[in-house]
Amino acid sequence: MVPEIRKVLEVNTLKSDLLQLLTIRGHIHQCTDLAALDAKASQNILTGYIGFDATADSLHVGNLAVIMLLRRLQQTGHKPIVLMGGGTTKVGDPSGKDDTRQLLSDAQIDANIASIKTIFGSFLTFGSGARDAAMVNNADWLDTLGYIPFLREVGKHFTINRMLTFDSVKLRLEREQPLTFLEFNYMIMQGYDFVELNKRYGCTLQMGGSDQWGNIVNGVELGRRMRDLELFGLTTPLITTASGGKMGKTATGAVWLKQERLKPYDYWQFWRNTEDADVGRFLKLFTDLPMEEIARLEKLKDAEINEAKKILADEATKLAHGDAAAKAAADTAHETFEGGSGKGSNLPVHEFNRGTSPAIIDIIVSLGFAASKGEAKRLIEQGGLKLNDQSVTSLAAVITPKDLDASGVARLSVGKKRHALVKAV
């Protein structure tokens with residue numbers, strides 16, 4: 001936490017609902033001028049934005065901390081802008097990356113944006129009102145820029161000396177990883193986005209993860225130099241687990257926010273498996289539960305903490321996928337772990353043709369329980385796989401008719417917390 005934030009928080013002088021909420025929920029890491037932002041937010045409707053590049057057809061749990069910033073902005077009476085990086089995705093953000101991003105075609109980027117748009121409807125209310133969320137694409141202005149006019153108007157405000165000091169550049173060079181001239185332009189384009197959003201929408205606040213601090217500060221400074229604007233930047237902490245891992249990473253990959261990528265049941269299970277020490281913090285960051293209720297849940301210990309984890313899973317899944325999906329996931333988990341049959345109706349299902357005998361190794365990979373056949377083999381060798389609660393010990397094991405119940409279904413389990421159904425059709 002930077003000194004100016006610590007000083008303001010210690011004397012408890014925050015006036016705006018926005019910064020009070022962000023503070024008690026643990027959302028604030030850095031801010032360019034917290035006292036001035038607090039004064040603005042207590043007097044006027046703020047318009048703030050966060051940018052999202054369209055490198056995939058879904059966002060993931062790693063993006064959720066900043067999505068919740070936009071939600072908190074709207075909850076306290078301000079206007080959030082979701083900036084889709086139709087233009088910046090063509091360049092690639094080097095922040096936190098050792099390698100150059102794969103360049104996507106315009107068609108791929110457009111398809112990814114169309115897919116990502118559907119995620120935000122669960123977290124924000126869109127419309128034409130003063131406090132309604134808006135979605136904007138920076139390709140609207142970046143694609144039409146003339147290169148030389150852009151360099152003359154914007155590029156003159158950036159020095160190579162200072163650009164080389166930013167972590168996104170410095171770390172890549174220190175590791176002797178290539179940094180293309182294309183990527184080097186990213187921070188200039190992101191800074192220009194902020195100025196353009198101010199011009200078009202009166203936007204005065206840019207938010208993001210802590211890895212975006214340098215890019216955000218560039219935008220604040222560019223606005224002052226180009227147009228004498230008073231702009232603000234705010235970041236949220238990098239979310240790590242109590243054991244030090246990166247939040248949102250699992251053995252089988254990213255925890256996606258689109259249910260076409262990850263079923264609501266698996267999303268629910270991700271939150272249910274939260275480490276004990278993280279439950280209270282994650283309830284503050286990723287749910288809308290009242291702080292009084294969170295304080296009660298934080299005090300639970302030992303076996304009782306599992307009830308708090310279920311509430312966290314319920315509330316987080318409701319936000320992302322709706323009440324019905326959260327209830328179905330919770331019911332399936334109850335049936336799977338507590339109800340006796342162990343064959344919840346909402347578990348992931350792998351179907352195969354009746355009369356065939358599919359290899360269990362192939363099924364594990366297909367379900368996403370292992371990233372490769374090699375990893376699936378190691379699971380079996382380490383005794384981590386069960387079929388109908390019986391350990392699978394043979395690498396050549398297949399599903400046979402005797403493994404199926406009367407409805408043609410068997411249950412596969414990896415460890416104690418990942419389960420799926422195998423069904424003959």
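Side chains included, hydrogens not; waters and symmetry mates left out as well; all remaining heavy atoms used.
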**Request:** Examine Phe120 together with Phe52 and report whether their ring centres are nearer than 6.0 Å.
**Result:** yes
**Message:** Could you check whether Asp288 pairs with Lys318 (Lys NZ or Arg NE/NH1/NH2 to Asp/Glu carboxylate O, under 4.0 Å)?
**Reply:** no
**Message:** Rounded to the nearest 0.5 Å, what separates atom CD1 in Ile28 from atom CE in Met207?
**Reply:** 10.5 Å
**Asked** Where do Tyr192 and Leu142 land on the side-chain contact (heavy atoms from CB on, under 4.5 Å) test, with the steps shown first?
**Response** CA-CA 9 Å; Tyr192 183 71; Leu142 293 179; 4.0 Å; yes
**Lys258 to Asp57 - nearest heavy-atom pair and separation** = CD-O, 3.2 Å
**Side chain proximity check, Gln75 to Arg72, heavy atoms < 4.5 angstrom** = yes
**Item:** Aromatic plane relationship, Phe282 with Phe286 - under 30° parallel, 30 to 60° tilted, over 60° perpendicular
**Value:** perpendicular
**Request:** For atom CZ of Arg131, decide whether the heavy atoms of other residues, nucleotides or ligands shown that lie under 6.0 angstrom number more than 12.
**Result:** no
**Request:** Please report the shortest heavy-atom distance between Lys377 and Ile361, naming the atom on each side.
**Result:** CG-CD1, 3.5 Å
**Item:** Minimum heavy-atom distance between Tyr49 and Cys203, given as atom pair plus value
**Value:** CD2-SG, 3.6 Å
**Prompt:** Side chain of Asp38, backbone of Lys15: donor and acceptor closer than 3.5 Å?
**Reply:** yes
**Asked** Does Lys327 pair with Asp314 as a salt bridge, N-O distance under 4.0 Å?
**Response** no
